[in-house]
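Sequence lines set the chain letters: A, B, ... in the order given, protein chains first and strands last, and positions in each chain run from 1.
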Amino acid sequence: MVGDESAETPSAAGGREFWRRFRRSRAGVFGLCLVVLLVVVALAAPLLAPRDPQTTSLVTLNPPGTPGHPLGTDNLGRDILSGVLWGSRVSLTVGVCAAATAVLLGVFIGSFAGFYGGWADAVLGRITELFQVIPRFVLALLVVALFGSGLWKLIAVIGILSWPQAARVVRGQVMALRGAAYVDAARVLGLRNVRIIFSEILPNVLAPVVVIGSLDVAGAILLEASLGFFGLGDPNLVSWGMMLNNAQAHLRQAWWMSVFPGLAISLAVLGFNLMGDGLNDATDPRLGV
Amino acid sequence: MRTRMMAAFLVTLLATGIAAATPTEPRRGGSAVVAIGSDPETLNLGITTGYAVGAVAASIFSGLVWIDARGEIQPGLATSWTISPDGLSYAFELRRGVRWHDGRAFSAQDVKFTMEQVTGLYHGRFRPAFQNFEAITVTSPQSLKITLKRPYAPLMRLLSVFDCPILPRHVYQGEDITRHSRNNDPVGTGPFKFREWVRGDRLVLERNDAYWDPVYLDRLIFRIIPGAALRVTALEVGEVDQVADFYLPKTDVDRLKRNPNVRLRLGQPIPSMGFMFINARRAPLDNPKVRRALAMAINRVQIVTQAMGNLARPARGPFGDGFKWAFSPESDYDRLYPYNVERANALLDEAGLPRGAGGERPVRLRMVYDAARAPIAAAAAIIRDNLRAVGITVDLQPMDRAVMIERIYTRPDYELTVQTFTSGGDPAIGYHRIYASAASGVPFVNATGHSNQEVDSLLNRAAEVPDRAARGKIYAQVSQILAAEMPTLMLFDEIGVDATRATLRGVWIGAEARDRWDAVWVQK
Amino acid sequence: MVTAGSTPLWRYAAGRLVQAVPLLLGVIVVNFLLISLAPGDPVATLLGEYPAPPEYVAQLRREFGLDQPAPVRLALYAWNVARGELGFSFAYRLPVATLVAGRLGNTLLLMVTALSLAALVGVGLGVTAARRRGSGLDTAATGISLAGYSIPDFWLSQLLVLLFAVFLGWLPAQGIRSVREEYSGLAAALDSARHLILPAAALSFRYMALISRLTRASMLEAMSQDFILAARARGLPERLVLLQHGLRNAALPVVTVIGYNFAFVLAGSALVETVFGWPGVGRLLYDAMLQRDTPVLLGVLLMVSATVVVVNLLTDLLYAALDPRVRY
């Protein structure tokens, strides 16, 4: 990654200016709307869903428009709409928690490596590389397939496998900032390194981190869905990926089993991607993440 | 040859989706493509019971006998046999003029060698039978005699190509059998010869012109398609000609029934069952009352309709009703354990597991199953939902096969599991292992920890008595105990379905769709 | 300008490769630990659906070296790898190297086709969108690329199979070549090409989206820069400006996306190969996972990692060649 040598000092004006710039990006706002919609749906799922998504019935494979089942039913007579609504909770939980894990790890490792450089940077660089040369999805598949699935396991696995990107960007930014005048000033003032990292440097890498976080959520949702598609989602929760896995065997009789959860995944991923783009444009279009 | 025509005729009658069979002469030439789900792990059928191996190698090797579509035993490498009245001695006359694919002559020595050095040591189904062998005596190059220590009713069924394929002695003698290079390039006596194996893609066999019956197809091709739904797609678009029961997702059968280019065979003569092991080592499942409550709380009809696409019958007893002679009306689940939530609730209350404030009982059960099998996953979901209605919480734990085997069989760490076993053509071959406690701890046997000496000895006797009526009585006796103690809840009797493109003729004269590809031909 | 400071290129490359050795050793250790800590017995899955004779199971375990403690197995494995031996597959009883070699070509064919498709269409879309920024075309191109980036590729694969193989019947749903007919020469190539279309399309969509987004962004950036403005001011035709200056810049994101996402493309290829029954490395890996075929799993993962290392290095070198600002 090419470090930007001319990083500026933080602009405290932040908030309003940022929002003004963000609002200019129609796509970003649309993404934000999708994300808000997703959050609302996830929170209100018990109120919105016509029935319990896991309760089976003898009304099997009914098409959309069936009374009581606006999006139809699956092979066990479970309501698709309820599944799609409840599924948002798993996607959102895994997406946000895994991305948060990834970003925290990435910021920690990246800033450490970037600030200290030299030996620490080399070691952490090697670890980052290690995670980069084994395809993330393959490793996730391997771990979940070998050790079994579950909501917290998914979050941990996806989170732990997703930190290198954040680490790379943070490292680059921190390295660039390390030499900045105000950091030198802080050092001259005798501030401890940890303090410098936290109070002087990290606030400045916040923007790219938020962007990466948003994109990481999209990536985590997609990864969770891919694992679900292989039948490796949390078996005790309703998730879009698992719905798609289940739909596979019924694709030709019941396209609705596949189309609605698939759309839901695509929209959720789209939302976070667009939002991330919007945030990116609003902070620094040259960041190129 | 006559039996084969007869069997072919019967199959034509059985086959659905065809108005009237147009009788045409079998035609030489062409090829058939069969879908299988994975690469076979070897082509030496003598050392494994793997399904894919059988699918391919059954056409390369031959057994002493084969089982026809009605479940009757037909001559293969053995042309005739006599069984002594005490059931201890079997004398076989072997087919003359048979040659191995490499041109060497086949003889009784090959049979003796195979049983003593290969299948008797390595084959999961044949080995238990072989341990009961007293001696194998070659009486002439074309005849041999097997004497047993104790009578064993289903022996003849274990001489088919799937249980004891005859291997060439001249190739294997004195060599490391399990690691022999010819295991990937086998020499058999079957209707097709090995030609090519592109791993992950296809396996090609070609006609053996020296086979004793006419073989019509030039080539028999196996196509490896791991996705179940995609196997059906491939059949529908004509990329493959046949998908056998094991590889056919039941939920697609309704659609296939409406496809004029596809014919189905419903209900093969080899019963197999799906059931739920209940781990009796764990409280409160050690209490038979609780196990009986589960039996009444679980809706077997719902499982049959939704998980099995109606291609099964709700199980009616500890051995199902696939073997009519082994079914006992006294132990009929329909009478003893009809789906009845109230009675299940009452039994659970009685067992000292009252519902708590939230309506939940203090019972949390882990349901472990093979994640790769969609019908089992569906059955597990239904069972969880059914048990929730009586206040029992079930955690689903799908695992991949390797871990499932460990969690269920070798290191039992589960409360409930859904499994399916095939009978292998006789309850003594495939069903006894569900209940017998002797072999516990190894894969694919009783994993419940439930053990009853009376059950064990009754099962042993049922395997020895040759007469079906007498055996039926023993099964009635053992069924009664099993239905009362309920170590395992039988869920359904599968109704097998094989599917083929209508252009393939002469299919399914054998009990198994994997068998008898010599008779198959392509209609222009 | 590809020499970096005073260090010649080849020395830099060699240094990177030497650095990769401990990295690959790390890969082996991580994968080995994961696999050997995992529950599940590889032997149990190999022996069919009936209880296998215990002596046979014990014999296989000895043959596979599973009776040894894990550290010994790891050391043995690492030693063998150092000698260029990847071991024998449990499931296929064949050398891992043979198995992988048999599949590698198929995966590369799929990946190269998909990535070429992605690069062609992606750059085209990106350039068009950048040239007519804000137009309906730009919005459409952006929409397509965002869809591509958000639609899960396994879902796309299924939809493609449904549409083109099942409903329309135009293309085969499965495999790499027709099995019934034996083609040769041109007919065989055409036959393979027909089988290639759907999986390559499914695999490429995501990268096409990425490439078009990045191309658009870097084109916009480039076009606002002084030299382009100067070129325009000199009255050079717009098309020429785009080709000469813009595309050089656009080449960067393409190289970056392809290079740094190589590992992801490989992983995506595993998903797509599974759906389409494409006999490549990805499916070999997936099957090996299900069968607990440890030597194949380790071998494929190692090979994938080694490939990623090499591709990353090549990407860095290419990047340097394309962007003179980069120095080592």
Side-chain angles (χ1 to χ4, degrees), chain A residues 1-2 26-27 30-31 34 122 125-127 129-143 145-148 215 218 221-223 225-226 228-230 240-241 244-245 247-248 251-252 255 258-259 261-263 265-274 277 280-281 285-286 288, chain C residues 19-20 22-24 26-27 30-31 34-35 37-40 142 146-147 149-156 158-159 161-162 166 213-214 217-218 220-221 253 256 260 262-268 270-271 274-275 282 285-286 289-290 292 297 300-301 304-309 312 323 325-326:
Chain A
M1 190 115 296
V2 192
R26 263 183 307 162
F30 180 59
L34 281 177
R126 282 301 96 74
I127 298 175
E129 273 179 45
L130 190 66
F131 274 87
Q132 276 165 349
V133 297
I134 314 173
R136 190 173 68 141
F137 171 68
V138 169
L139 208 52
L141 190 67
L142 187 70
V143 173
L146 295 184
F147 294 94
L215 298 178
I221 290 177
L222 209 52
L223 187 52
S226 311
F229 180 71
F230 271 96
W240 295 334
L244 279 186
N245 170 255
Q248 244 182 303
L251 214 51
R252 249 87 48 77
W255 53 267
S258 160
V259 165
L263 271 177
I265 298 173
S266 304
L267 286 178
V269 174
L270 183 67
F272 279 101
N273 275 335
L274 287 178
D277 273 5
N280 191 28
D281 291 346
R286 281 168 304 166
Chain C
Q19 278 179 3
L23 183 66
L24 291 180
V27 167
V30 167
N31 290 331
L34 271 179
I35 295 166
L37 285 176
T142 310
L146 281 166
Y149 199 62
S150 306
I151 291 176
D153 42 12
F154 50 88
W155 190 51
L156 183 65
Q158 288 283 8
L159 295 182
V161 168
L162 264 180
V166 178
R213 275 174 69 185
L214 291 179
S218 62
L220 285 179
E221 193 189 338
T256 321
Y260 294 127
F262 191 77
F264 291 94
V265 187
L266 256 173
L271 270 162
T274 307
V275 175
L285 182 82
Y286 183 64
M289 215 178 277
L290 292 183
R292 286 293 190 282
L297 262 181
V300 171
L301 289 173
V304 166
S305 302
T307 315
V308 173
V309 167
N312 278 354
D323 186 348
R325 285 171 303 179
V326 176

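Contacts of A/Ser258 classified as side chain to side chain donor-acceptor pair (under 3.5 Å), with partners at least two apart in sequence or in another chain: C/Trp155. In this structure, C/Tyr149 has no ring-ring contact (aromatic ring centres under 6.0 Å, His included) partners at least two apart in sequence or on a different chain.
Looking at C/Asn31, only its side chain comes within 4.5 Å of chain A, counting heavy atoms on both sides. For chain A, the nearby part of C/Leu297 is the side chain; its heavy atoms alone come within less than 4.5 Å. When heavy atoms are compared at a cutoff of 4.5 Å, C/Leu24 does not approach chain A at all. Neither the backbone nor the side chain of A/Ala218 comes within less than 4.5 Å of any heavy atom of chain C. Proximity to chain C (any heavy atom under 4.5 Å) is shown, for A/Leu142, by both the backbone and the side chain. Neither the backbone nor the side chain of A/Ile221 comes within contact range of chain C; no heavy atoms are under 4.5 Å apart. With a 4.5 angstrom heavy-atom cutoff, C/Val265 does not touch chain A via any of its atoms.
More than 12 heavy atoms of other residues, nucleotides or ligands shown are found within 6.0 angstrom of CZ on A/Phe147.
To the nearest 0.5 Å, atoms CZ (C/Arg292) and CG (A/Leu146) are separated by 4.5 Å.
The shortest distance between side-chain heavy atoms of C/Pro152 and A/Ser266 falls below 4.5 Å. Within the 4.5 Å cutoff, no side-chain heavy atoms of C/Leu301 are placed close to those of A/Leu139. Two residues are said to be in side-chain contact when any heavy atoms from C-beta on lie closer than 4.5 Å; A/Ile265 and C/Ile151 fail this criterion. Looking at A/Leu244 and C/Gln158, their side chains never come closer than 4.5 Å, going by heavy atoms from C-beta outward.
Checked against C/Ser150 for a side-chain contact (heavy atoms from CB on, under 4.5 Å), the options A/Leu270, A/Leu222, A/Leu267 give a single hit: A/Leu270.
Most heavy-atom pairs under 4.5 Å with chain A, from the set C/Pro39, C/Ala20, C/Ala270: that is C/Pro39.
Aromatic rings of C/Tyr286 and A/Phe230 (six-membered ring for Trp) have centroids within the 6.0 Å cut-off, being under it.
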